[in-house]
There are 2 protein chains.
Amino acid sequence: MKEKTAAITNLTPPGTSCSGCPAFKACVAARLCGHDTALLGRVVTRRRLRRKGEMLYCVGDPLRTLHVVQAGSIRTGMSTCEGDVQVLGFHVPGDILGIDAIGENSHPSDATAIEASVVCELPYPLLEKQMRATPPLQREFLRLLSGEIAREKELMCVLGQRNADSRLATCLLNLSERYGRADTRAGRLTLAMSRQDLGNHLGLAMETISRLFTRFQEEGLLSVAGRRVQLLDYPRLRAL
Amino acid sequence: MKEKTAAITNLTPPGTSCSGCPAFKACVAARLCGHDTALLGRVVTRRRLRRKGEMLYCVGDPLRTLHVVQAGSIRTGMSTCEGDVQVLGFHVPGDILGIDAIGENSHPSDATAIEASVVCELPYPLLEKQMRATPPLQREFLRLLSGEIAREKELMCVLGQRNADSRLATCLLNLSERYGRADTRAGRLTLAMSRQDLGNHLGLAMETISRLFTRFQEEGLLSVAGRRVQLLDYPRLRAL
DNA sequence: CGTAGATTTGAATGTGGTCAATCCGAGTGG
DNA sequence: CCACTCGGATTGACCACATTCAAATCTACG
């Protein structure tokens, strides 16, 4: 764990611009700016290391900055009344966070690093100003928000599924698509989240997730060792 | 049914401006324009009657106009591969439809009137042009999209619930809040959707919905007669 | 009045939840 | 190096809730 954190800080020496960023291809902010690194430099002010368990923001916090994940994994959730939590999603490098806060100028959900992570910060007032000056940026931002709504709706489809099998399968396929890395495209992925979180997100008990993993392995759909998962039979996984 | 349709057409004689619209208070487009009816008149081009079962748009259709429900109810859904459908939501007067299509310029979901309805059309190119000319409109539209993302996330919380009781209860409370009408605020609401659709949306079987309604009635939470529902015990409903 | 579709109800089945014990791996300290 | 601990993961047994299939009603509407 200690050397992992070190590796991450090495990835992002202070002052590094976005041009050499390992997440550049997947980066939402980069797409937003038409991959114009000069413009990017104007809206991304800093890059912060977040330790495992650290919160980027809480429910009710005023919206100051949007966040883009550069490395690591972030979990978003809503803590309903009596300590009851609902996990809303997992966010990987390139993903943007906080855009649900623009409407009310305060965060309706919260975000927590579930492993050591690096997160870029885009102060929203700055972005707003830059949008007024840059119509294409404005337009791209609209498209980004709309796309997010579409993605949410797809997620709802997953949760609308009746059986546990399809929920987990869809979720795993989804994760493997979103990680842009080479080893992940080969089906190899290391889950940053606990079975607990995964289950909560999918509306299933932790024990069910565990049982599903072992059954999927027995059926040859994937192989699993703790949090290390290797997807094997894509067609059959998709068929669920 | 026939006289209902007649009543609706009477509500909206051709050429009527937004100022006298019965849904004005709840109307998203009105909020968007700062309740400036002149501006509204420039982005809302027409008002169409849709019969029960008519589709406003299908998956894959190019984005031409956004829609705002003026009267009636619209169901959105995604028809996954082999005729398998997932109901994404129900939309009541004032709600906007189609904003998930801006990202890709084509609709990722489809929309169907589930009863005779009146829908206002906002051609998107027109709206885009008007936004460039009217910064506050631009800003409001951003807030609208963000708010929609926040609302989707709340919906995910409902689906993340484990037990059927809480899902139905939350959904009913949600519906009763969204209808702005006086009788609805008194807990009286007439469901436009079938048990089938309701079940599909909540990830439950139609029969389960039916059983829940009768049990809720036995427990004094509400009274139900077909699609006519009267919420009685708000506190206990919320407690689920 | 009769039909088609929606809804309710019943009985049997099974999937997933709960509770509890065990196991495993990483980190800690002797 | 080993024993210990702690949190996460796995597994088993049992049970409850929701699904499924089927039949019976009910309702809207021709």
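Below, read A as the first sequence line, B as the second, and so on, with proteins coming before strands; counting in each chain starts at 1. Please read these numbers as outputs of a predicted model, since none were measured by experiment.
- Here B:Gly203 lies in heavy-atom contact (under 4.0 Å) with sugar-phosphate atoms only.
- One finds a side-chain N or O of A:Arg227 lying less than 4.0 angstrom from the OP1 or OP2 phosphate oxygen of D:dA9.
- Residue-level contact check: A:Arg211 touches the bases, meaning some heavy atom is under 4.0 Å from a base atom.
- Without hydrogens or angle criteria, B:His201 side chain to B:Leu88 main chain gives a donor-acceptor distance under 3.5 Å.
- B:Glu207 places its CD atom 17 Å from the P atom of C:dG5, with the value rounded to the nearest Å.
- OP1 or OP2 of D:dT11 sits under 4.0 Å from a side-chain N or O of A:Thr214.
- Partner of A:Asp165 under the salt bridge (charged side-chain N to carboxylate O under 4.0 Å, His left out) criterion, out of A:Arg236, A:Arg211, A:Arg215: A:Arg215 alone.
- Atom CZ in A:Phe213 sits roughly 8 Å away from atom P in D:dT10 (whole-Å rounding).
- Screening B:Val68, B:Val69, B:Leu66 for a side chain to side chain contact (heavy atoms under 4.5 Å, CB included) involving B:Leu97 leaves a single residue, B:Val69.
- Look at A:Arg162 and you'll find a side-chain N or O under 4.0 angstrom from OP1 or OP2 of D:dT20.
- Taking atom CD of residue A:Gln161 and atom C1' of nucleotide D:dA18, one finds them 17 Å apart after rounding to whole Å.
- Distance B:Arg215 CZ to C:dT7 P: 19 Å, rounded to the nearest Å.
- B:Glu218 places its CD atom 12 Å from the P atom of C:dT8, with the value rounded to the nearest Å.
- One N or O on the side chain of A:Arg178 and one on the backbone of A:Phe90 form a donor-acceptor pair closer than 3.5 Å.
- The residue among A:Met206 and B:Leu204 whose nearest nucleotide of DNA chain D is located toward the 5' end is A:Met206.
- When the side-chain nitrogen and oxygen atoms of B:Arg195 are compared with OP1 and OP2 of C:dT8, one or more of them lie within a distance under 4.0 Å.
- Phosphate proximity of C:dG16 to A:Thr208: absent, as no side-chain N or O sits under 4.0 Å from OP1 or OP2.
- D:dA28 atom P lies 14 Å from atom CG of B:Leu191, rounded to whole Å.
- Contact detail for B:Ala113 and B:Ile74: the closest heavy-atom pair is CA-CD1, 3.8 Å.
- Rounded to an integer number of Å, the gap from A:Lys52 NZ to D:dG7 P is 12 Å.
- Atom-to-atom, CE of B:Met193 to C1' of C:dG5 comes out at 18 Å; the value is rounded to the nearest Å.
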